Amino acid sequence: MDKRILNTKKKLTNTLLVLINEKKIKDITVLELCKRANINRTTFYKYYKDIDDIVLKVEESLLSDLSGYIVDIKRNYLISYTGKIIEEIARHKEIYARLLSENGDHTFLRRILSLVYNQSIVEWEKLLKKATRADLENIYNFIVDGTIGIVESWIKNDCQEEPSTVAIFINKICMSGLSSFI
């Protein structure tokens, strides 16, 4: 891709993140974003349909990076993957903190965790002999919702704890709950 296009997209993305820090995504306008980025609206519309589209493209890029980790995870997909997510959030704290903030996209973290839904259910069917399919669905939802709460709290506290500490804490909670179905 042309360097100018990359620079334009990066400028729009960075300006979007600044605006998310100030207000909710739904309240950001294309005109406001373009003025702040000092980019013509025609240029914006060359690459994006609207604000939701640019947010989606930024998130898809991050999701794409995270999906690369799934290949390396062999067991306990959701639990192992959570550690990778937390490491990535810490590594790219500025972007994730804004996207996952109160002003950001409240569905983004759930979409990140859902990347390993199928693998988690299949793995748990093998391991958790006492669990029904409905149990597995509930376990998955419980772990995801709990993980979201812990990660959001960690982000609100400026990611002060080490990523590994947070991941180990989540893992302990998950494993103790799962063990009752073995």
Side-chain angles (χ1 to χ4, degrees), residues 13 16-17 20-21 24-26 51-182:
T13 299
L16 174 70
L17 293 173
I20 290 172
N21 209 36
K24 294 187 181 299
I25 290 173
K26 68 180 180 69
I51 295 297
D52 290 337
D53 188 42
I54 187 173
V55 170
L56 183 65
K57 294 226 167 66
V58 170
E59 291 176 351
E60 284 175 350
S61 173
L62 295 169
L63 287 170
S64 175
D65 292 345
L66 285 169
S67 66
Y69 292 118
I70 296 170
V71 176
D72 296 331
I73 297 170
K74 304 294 183 223
R75 278 184 86 114
N76 295 318
Y77 282 93
L78 181 61
I79 297 164
S80 301
Y81 183 57
T82 300
K84 295 293 186 183
I85 292 167
I86 293 168
E87 288 171 17
E88 278 299 290
I89 289 172
R91 214 163 57 115
H92 302 288
K93 187 169 115 178
E94 292 303 314
I95 191 166
Y96 277 102
R98 289 188 178 131
L99 287 172
L100 298 173
S101 72
E102 301 227 356
N103 290 340
D105 179 359
H106 300 283
T107 65
F108 183 46
L109 189 51
R110 184 170 299 283
R111 285 180 34 229
I112 291 170
L113 292 167
S114 72
L115 290 174
V116 292
Y117 169 80
N118 289 332
Q119 296 95 324
S120 297
I121 297 295
V122 167
E123 183 68 24
W124 293 343
E125 282 177 327
K126 295 178 206 168
L127 296 172
L128 308 176
K129 302 296 182 193
K130 296 178 186 174
T132 66
R133 182 66 182 213
D135 289 337
L136 297 175
E137 297 282 337
N138 287 330
I139 291 167
Y140 183 87
N141 290 328
F142 185 82
I143 290 173
V144 166
D145 288 341
T147 299
I148 287 171
I150 292 167
V151 170
E152 285 177 344
S153 176
W154 177 63
I155 290 169
K156 281 181 188 173
N157 291 319
D158 199 32
C159 306
Q160 290 183 6
E161 290 179 286
E162 287 295 317
S164 60
T165 303
V166 177
I168 289 168
F169 179 77
I170 292 169
N171 191 28
K172 280 182 186 176
I173 291 172
C174 294
M175 294 310 289
S176 66
L178 291 174
S179 66
S180 65
F181 287 94
I182 295 176

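It should be emphasised that the depicted structure is a prediction, and the values quoted were computed from it without experimental measurement.
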Taking the basic N atoms (NZ, or NE/NH1/NH2) and the acidic carboxylate oxygens, is any pair closer than 4.0 Å for [X] and [Y]?
X      : Y      : value
Lys57  : Glu60  : no
Lys156 : Glu152 : no
Glu137 : Arg133 : yes
Asp145 : Arg110 : yes

Any chance you could lay out the side-chain contact (heavy atoms from CB on, under 4.5 Å) test for Leu62 and Leu99, step after step, and finish with the verdict? CA-CA 11 Å; Leu62 295 169; Leu99 287 172; 3.6 Å; yes
For residues [X] and [Y], report the shortest heavy-atom separation together with the two atoms involved.
X      : Y      : answer
Asp135 : Ala131 : OD2-CA, 3.5 Å
Ser101 : Ile20  : OG-CG2, 4.1 Å
Ile143 : Cys174 : CG2-SG, 3.5 Å
Tyr81  : Ile112 : CE2-O, 3.1 Å
Lys84  : Leu66  : O-CD2, 4.4 Å
Leu136 : Ile121 : O-CD1, 3.7 Å

Nearest-0.5 Å distance, [atom1] of residue [X] to [atom2] of residue [Y]:
X      : Y      : atom1 : atom2 : answer
Ile95  : Glu59  : CD1   : CD    : 9.0 Å
Glu123 : Leu128 : CD    : CG    : 9.0 Å
Leu109 : Ile148 : CG    : CD1   : 4.5 Å
Thr147 : Phe169 : OG1   : CZ    : 10.5 Å
Leu56  : Asp105 : CG    : CG    : 8.5 Å
Asn103 : Lys26  : CG    : NZ    : 10.0 Å

Flag side-chain contact, heavy atom, 4.5 Å: [X] against [Y]:
X      : Y     : value
Ile170 : Ile86 : yes
Asp65  : His92 : no
Leu16  : Val55 : yes

Is there a donor-acceptor pair under 3.5 Å between the side chain of Asp158 and the backbone N or O of Gln160?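 No; judged by distance alone, with no hydrogens or angles, the pair does not exist.
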- Say whether, by atom type as modelled, one donor and one acceptor occur between the side chain of Ser153 and the main chain of Ile150 under 3.5 angstrom.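 Judged by distance alone, no pair lies under 3.5 Å.
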For Tyr117, the ring-ring contact (aromatic ring centres under 6.0 Å, His included) test, sequence neighbours excluded, returns Tyr140
query = Please walk me through it: do Leu63 and Leu115 pass side-chain contact (heavy atoms from CB on, under 4.5 Å)?
reply = CA-CA 8 Å; Leu63 287 170; Leu115 290 174; 3.9 Å; yes
